[in-house]
Amino acid sequence: MAPHRPDPVGSDTHLLLPAPQSLSVPRRTFLTHVAGGVVGAGVLLSAPAYARTASHAAAVHAPAVVGRAQPPRPLVMLDPGHGGKDPGAIGFSGIYEKHVAEAAAQELARQLLATGRYRVALTRSSDHFIPLDGRVDMAQQHGASLFVSMHADALHDASVRGASVYTHAHGASDSQTADLARTENSADRFGGPMVHGASPEVQRILASLVTEETRKGSSHMAQAVVSAFQSRVQLLTHPHRHAAFAVLKSAQIPSVLVEMGFMSNRLDEAALRQAGHRAMVAGAMCHAVNLYFASAGAGLAG
């Protein structure tokens, strides 16, 4: 592993993948993108116009009701891992995971919006730190239908490469995933004394609160990711795994954590530095979201 040194791509990330203006918001601002407009946008009447409308109210008849309004498009919450003082994994070339995750999430947001099927939100659209609980809270407060956390972590074994997807469970599916969950759950250490990770006892309680319906929805999405990646992106053996990831603990929202590759592997890191490869990964994930909402699992999304 390279020593912790300035990220040579960090300052250039937005040059390689310029963030659209609509993705730039102040620190701590939750951002929602909607194809064709802004959430809550409406027509504003001036005071004179309102007065004229009121004076003729008696002569105006209500329009006939010819059908029901279309339900709102599902909100997909994308969660670029790490950020700010938490760089995440550091690759051989010195690139930071936080920048890879943000660039990939912005590309996925662009592709999802282009379908016209979804509203899309990001837990962060700039380089700043967000506690794990804060990421989950954002999804819950804004009624997300699906939560996708995006990462490119590091392992002790630099020979391991390939993408994988994780769902929440009290016990880990294997020792590698257990180590990965411990690393991810320790991210709050960067938040200082006011931010504390949940104890093992609290994690067990949280795991028991995740409903069976949410588990099924998360599993449906994980299977969709694996299916979409198979023909496009190299996968780990047994790519759907599970452990007690704190960021996946929502009891109401189907949630997955996607490892796009590992920064500890030279080939994975080299690929993730390329905008074209990130676009391909985002394309596969967009297809997975389409598969998820087209399947029976969509009914589990709320």
Side-chain angles (χ1 to χ4, degrees), residues 74-81 101 104-105 108 111-112 117-118 120 123 132 135-136 139-140 144-153 155 160-181 183-185 203 206-207 209-262 268 280-302:
L75 173 63
V76 179
M77 171 72 78
L78 303 181
D79 173 45
L108 177 54
Q111 293 193 28
L112 287 170
R117 302 178 186 179
Y118 315 106
V120 179
T123 56
L132 298 176
R135 298 169 188 263
V136 179
Q140 293 175 332
S145 297
L146 181 66
F147 181 90
V148 180
S149 193
M150 301 175 66
H151 292 260
D153 280 293
L155 299 173
V160 177
R161 67 172 305 210
S164 48
V165 58
Y166 301 83
T167 50
H168 191 285
H170 171 51
S173 53
D174 55 90
S175 59
Q176 178 179 295
T177 303
D179 289 341
L180 197 61
T183 299
E184 281 303 316
N185 292 347
Q203 286 290 344
L206 291 172
L209 294 177
V210 176
T211 67
E212 185 61 26
E213 184 178 47
T214 303
R215 292 182 198 278
K216 289 179 180 178
S218 301
S219 181
H220 274 293
M221 180 56 187
Q223 291 165 15
V225 171
V226 172
S227 176
F229 275 25
Q230 279 177 337
S231 61
R232 310 186 195 191
V233 182
Q234 180 170 332
L235 289 164
L236 291 183
T237 304
H238 308 301
H240 177 195
R241 306 184 181 200
H242 58 263
F245 289 93
V247 79
L248 303 181
K249 69 184 183 183
S250 172
Q252 299 86 25
I253 305 169
S255 305
V256 297
L257 186 150
V258 176
E259 290 287 355
M260 299 175 287
F262 291 104
D268 271 359
M280 181 177 66
V281 171
M285 292 179 66
C286 182
H287 182 53
V289 173
N290 290 337
L291 289 174
Y292 171 75
F293 283 105
S295 73
L300 300 171

Next item on the list: Would you check if Gln140 and Ser250 make a side-chain contact, meaning some heavy-atom pair closer than 4.5 Å?
Entry: yes
Notebook entry, point to check: For Ser149, which residues count as a side chain to side chain donor-acceptor pair (under 3.5 Å) partner, sequence neighbours excluded?
Noted result: Asp79, His151
Check: Can you find a pair of side-chain heavy atoms, one from Phe293 and one from Leu146, that are under 4.5 Å apart?
Finding: yes
Notebook entry, point to check: With a 4.5 Å heavy-atom cut-off, do Tyr292 and Pro254 have their side chains touching?
Noted result: yes
Check: At what distance, to the nearest 0.5 angstrom, does OG1 of Thr123 lie from CG of Leu132?
Finding: 10.5 Å
Margin query: Run the side-chain contact (heavy atoms from CB on, under 4.5 Å) test against Ala288 and tell me which residues pass, sequence neighbours left out.
Written below: Met221, Ala224, Val225, Ala228
Check: What distance separates Leu236 CG from Phe229 CZ, expressed to the nearest 0.5 Å?
Finding: 11.0 Å
Checklist line | Sole candidate of His242, His240, Arg215, His220 that passes side-chain hydrogen bond (donor to acceptor under 3.5 Å, both in side chains) when paired with Thr167 | finding: His240
Next item on the list: With sequence neighbours excluded, tell me which residues meet ring pair (Phe, Tyr, Trp, His ring centres under 6.0 Å) with Phe262.
Entry: none
Margin query: I'd like to check the side chain to side chain donor-acceptor pair (under 3.5 Å) partners of His287; sequence neighbours left out, ordered by chain and number.
Written below: none
Note to self: Rounded to the nearest 0.5 Å, what separates atom NZ in Lys249 from atom OG in Ser255?
What the structure shows: 11.5 Å
Note to self: Return the CE to CG distance between Met260 and Asp153, rounded to the nearest 0.5 Å.
What the structure shows: 9.5 Å
Note to self: Can a donor-acceptor pair be found, under 3.5 Å and without considering hydrogens, that links the side chain of Ser145 to the backbone of Val76?
What the structure shows: no
Note to self: Quick check: closest heavy atoms across Val247 and Leu257, and the distance to 0.1 Å?
What the structure shows: CG1-CD1, 4.0 Å
Checklist line | Considering all heavy atoms, the nearest Ala178-Ala172 contact | finding: CB-CB, 3.6 Å
Margin query: Can you tell me how far apart CZ (Phe147) and CD (Gln252) are? Round to the nearest 0.5 Å.
Written below: 13.0 Å
Item checked: Residues forming a side-chain contact (heavy atoms from CB on, under 4.5 Å) with Gln230, sequence neighbours excluded -> Val226, Leu235
Item checked: Ser227 and Gln223: side chain donor to acceptor below 3.5 Å -> no
Checklist line | Set of residues satisfying side-chain contact (heavy atoms from CB on, under 4.5 Å) with respect to Ala282, sequence neighbours excluded | finding: Glu107, Leu108, Gln111
Checklist line | Cys286 to Leu112 - nearest heavy-atom pair and separation | finding: SG-CD2, 3.8 Å
Next item on the list: Please list all pairs passing the salt bridge (charged side-chain N to carboxylate O under 4.0 Å, His left out) test where one or both residues lie in residues 223-235, with sequence neighbours left out.
Entry: none
Item checked: Taking every non-hydrogen atom, the tightest pair across Val256 and Ser218 -> CG1-O, 3.6 Å
Next item on the list: Indicate yes or no: at least one non-hydrogen side-chain atom of Leu180 is less than 4.5 angstrom from one of Glu259.
Entry: yes
Item checked: Test side-chain contact (heavy atoms from CB on, under 4.5 Å) applied to Ala105 - qualifying residues, sequence neighbours left out -> Pro80, Leu122, Met150
Item checked: Summary of salt bridge (charged side-chain N to carboxylate O under 4.0 Å, His left out) pairs that have at least one residue in residues 234-246, sequence neighbours excluded -> Asp174-Arg241
Notebook entry, point to check: If you measure from OG1 on Thr177 to OH on Tyr166, what distance do you get to the nearest 0.5 Å?
Noted result: 4.5 Å
